[in-house]
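Please read these numbers as outputs of a predicted model, since none were measured by experiment. Proteins get letters first, then strands, A, B, ... in listed order; numbering begins at 1 in each.
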Amino acid sequence: MSKTSFKTPQAIRGTQDIFGPEAEAFAFVVETFERVRKLYRFRRVEMPVFEKTEVFSRAIGETTDVVSKEMYSFEDRGGDSLTLRPEFTAGIARAFLTNGWQQHAPLKVATHGPLFRYERPQKGRYRQFHQIDAEIIGAAEPQADVELLAMADQVIRELGIEDVTLHLNTLGDGDSREAWRAALIDCFGAVKGELSEDSQERLEKNPLRILDSKDPRDRKFVGDAPKIDAFLSDDARAFFDAVTSGLDAAGVKWTRAESLVRGLDYYRHTAFEFIPDEGSAAAGALGSQSTILGGGRYDGLMESLGGAPTPAVGWAAGIERLAMLVGEKGEPAIEAIVLVEHDDGLVAANALLSELRAGGVVADIMATGSPKKRYDKAVKQNPKAILRVNETGYYGMSGEGENERLAAVLANRK
RNA sequence: GCGAUCGUAGCUCAGUUGGUUAGAGCGCCGGUUUGUGGUACCGGAGGUCGGGGGUUCGAGACCCCUCGAUCGCCCCA
């Protein structure tokens with residue numbers, strides 16, 4: 001490789017090149033999700049990575065941070081404003097409306113892939129990040145919430161992640177939520193001067209957010225703030241009760257989190273996050289980006305996209321964050337290495353290698369470098385068997401790793 | 001967008017209050033030894049010390065800017 005006069009371009013900030021054990025952990029998360037979603041009969045969908053900007057600005061809300069300062073938006077060559085998806089839900093809702101997926105309602109769908117948000121990267125937070133996502137669209141019953149949460153719980157358990165708890169709250173229906181919001185503005189507005197600067201701003205933009213502020217100046221008022229329960233309509237309360245009793249019946253452990261709210265405008269009723277328990281290994285591994293799965297009911301979303309009122313619930317989970325918690329996932333063990341001890345045996349070695357792989361044996365070949373050191377290099381990969389090939393062809397095996405597939409291939413050699 | 005820490009070989013890191021040709025381990029390549037074997041030893045390649053300015057007789061070390069990483073805030077998965 002000769003030196004060139006220009007510098008190699010760097011990767012984009014906040015993107016990752018995932019390799020080795022981390023890539024295996026990532027794949028493990030996706031594979032587990034795929035397996036579980038089939039058990040629950042969620043159908044696979046593939047969505048575009050970009051949409052018209054208004055899909056997100058209308059669905060998520062113009063005033064949210066996601067829309068106002070975190071989207072990757074650009075004008076395409078035709079002059080349309082497009083945006084790299086910052087989340088899945090808005091695009092899936094758009095697809096539901098534009099493809100006539102109403103005919104499939106209630107529709108259970110699942111997907112996964114990259115999302116983009118212009119944020120400051122830190123632990124568990126990237127500009128291109130990846131989520132697994134599940135949605136139930138066109139189902140108004142609390143049973144849908146229960147099923148969705150049971151699936152989330154099973155995904156996390158099958159990933160082997162422990163000490164994570166479902167934090168559950170209700171935001172009530174539209175009227176409940178508005179009344180609560182007004183009461184919170186009254187409550188916090190009275191002590192505005194004593195709140196943190198951030199919360200003084202939140203008071204106007206998103207007063208619910210003050211409830212989960214970490215600032216001690218805010219925390220002392222949060223305990224006495226009005227609770228959503230006081231504003232719930234009878235229907236909303238009955239809905240939440242049905243969700244919680246359904247979770248109990250499904251064996252999903254949960255805890256009530258009265259100050260849990262959602263940042264995006266479209267949420268109603270059920271809101272939830274799976275969060276590592278304080279002091280647990282998982283909490284330590286994640287740092288401050290502690291939510292590993294979050295979601296809720298978004299009955300108002302379809303209307304914001306110009307569709308008929310359509311109830312829906314969904315969640316998404318960050319694959320990177322989950323992958324940090326699943327532990328080391330080694331790459332698959334190598335079963336056989338074909339060791340070419342003499343270069344004249346290369347053809348025979350390649351024939352053997354093909355037969356091994358066709359026979360389902362995880363195999364590789366060692367044929368380069370100093371002939372005397374090939375064996376050392378092969379041994380370092382810790383294969384179960386080393387198949388020795390010299391100029392006369394295959395002549396013997398070292399190691400104890402013979403298994404049925406390997407034996408069958410050797411027995412059937414041409 | 002705000003704050004803090006950091007940026008030396010492919011990787012993990014040394015580098016003393018600024019002072020001759022910038023080092024180690026691992027990895028890589030080659031050799032000797034061994035010879036059904038992950039041994040030991042020897043040698044080699046590989047760095048304009050993230051980039052750009054500045055201070056100085058002299059900067060990897062000090063100052064400024066910039067890019068990036070990490071950890072918080074914010075936000076969120």
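- Asp212(A) places no side-chain N or O within donor-acceptor distance of the main-chain N or O of Leu260(A), the cut-off being under 3.5 Å.
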Sort me out a list of protein N/O and nucleotides 65-67 of chain B N/O pairs below 3.5 Å, or just none if empty.
residue	atom	partner	partner atom	Å
C67(B)	O2'	Gln10(A)	OE1	3.0

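- Rounded to whole Å, the separation between the C1' atoms of C73(B) and G54(B) comes to 33 Å.
- Between Lys377(A) atom NZ and C26(B) atom P there is a gap of 17 Å when expressed in whole angstrom units.
- Judged by distance alone with a 3.5 Å cut-off, no donor-acceptor contact links the side chain of Arg117(A) to the base of C76(B).
- Taking the ring centre of Tyr395(A) as origin, the terminal cationic atom of Arg388(A) falls outside the region bounded by 6.0 Å and 45° from the ring axis.
- Counting any heavy atom pair closer than 4.0 Å across all strands shown, Arg262(A) reaches sugar-phosphate atoms only and no base atom.
- C71(B) and G15(B) have their P atoms separated by 24 Å, with the value rounded to a whole Å.
- Heavy atoms of Gln381(A) sit nowhere under 4.0 angstrom from any nucleic acid atom.
- Under the 4.0 Å criterion applied to side-chain N and carboxylate O atoms, Glu341(A) and Arg374(A) are not assigned as salt-bridge partners.
- Listed by residue number, the members of residues 148-163 of chain A with any heavy atom below 4.0 angstrom from RNA chain B form an empty set.
- Residues from residues 61-69 of chain A that place a heavy atom under 4.0 Å from any atom of RNA chain B, listed by number: Asp65(A).
- The distance from atom CD of Gln16(A) to atom P of G68(B) is 16 Å, rounded to the nearest whole Å.
- Between Asp173(A) and Arg297(A) there is no salt bridge, since no side-chain nitrogen of the basic residue lies less than 4.0 Å from a carboxylate oxygen of the acidic one.
- Residues from residues 198-226 of chain A with heavy atoms under 4.0 angstrom of RNA chain B, sorted by number: Asp198(A), Arg202(A), Arg209(A), Lys214(A).
- Ser199(A) contributes no side-chain N or O that, together with a main-chain N or O of Ser196(A), makes up a donor-acceptor pair within less than 3.5 Å.
- Between the P atom of A77(B) and the CD atom of Glu119(A) lies a distance of 9 Å, rounded to the nearest Å.
- Using a 4.0 Å heavy-atom distance criterion, Gly124(A) is classed as a base contact.
- Nucleotides G68(B) and U8(B) place their C1' atoms 16 Å apart, quoted to the nearest Å.
- A side-chain N or O of Gln16(A) and one of Glu320(A) form a donor-acceptor pair less than 3.5 Å apart.
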Every protein N/O lying under 3.5 Å from an N/O of nucleotides 37-39 of chain B:
residue	atom	partner	partner atom	Å
G37(B)	N7	Tyr375(A)	OH	2.7
G37(B)	O6	Tyr375(A)	OH	2.8
G37(B)	O6	Arg388(A)	NH1	2.6
G37(B)	O6	Ser398(A)	OG	2.2
G37(B)	N1	Arg388(A)	NH1	2.1
G37(B)	N1	Arg388(A)	NH2	2.9
G37(B)	N2	Arg388(A)	NH1	3.4
G37(B)	N2	Arg388(A)	NH2	2.9

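- Straight-line distance from the CG atom of Asn390(A) to the C1' atom of U36(B): 14 Å, rounded to whole Å.
- Separation of the C1' atoms belonging to U34(B) and G18(B) is 50 Å when rounded to the nearest angstrom.
- The local environment of CZ in Arg35(A) is crowded, with over 12 non-hydrogen atoms from other residues, nucleotides or ligands closer than 6.0 Å.
- Residue-level contact check: Phe88(A) touches neither bases nor backbone, having no heavy atom under 4.0 Å from any strand.
- Nearest-nucleotide positions on RNA chain B place Ser288(A) closer to the 5' end than the other of Ser288(A) and Gly318(A).
- In this structure, the ring of His104(A) has its center no less than 6.0 angstrom from the ring center of Phe96(A).
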Distances for protein N/O vs nucleotides 3-13 of chain B N/O pairs under 3.5 angstrom?
none

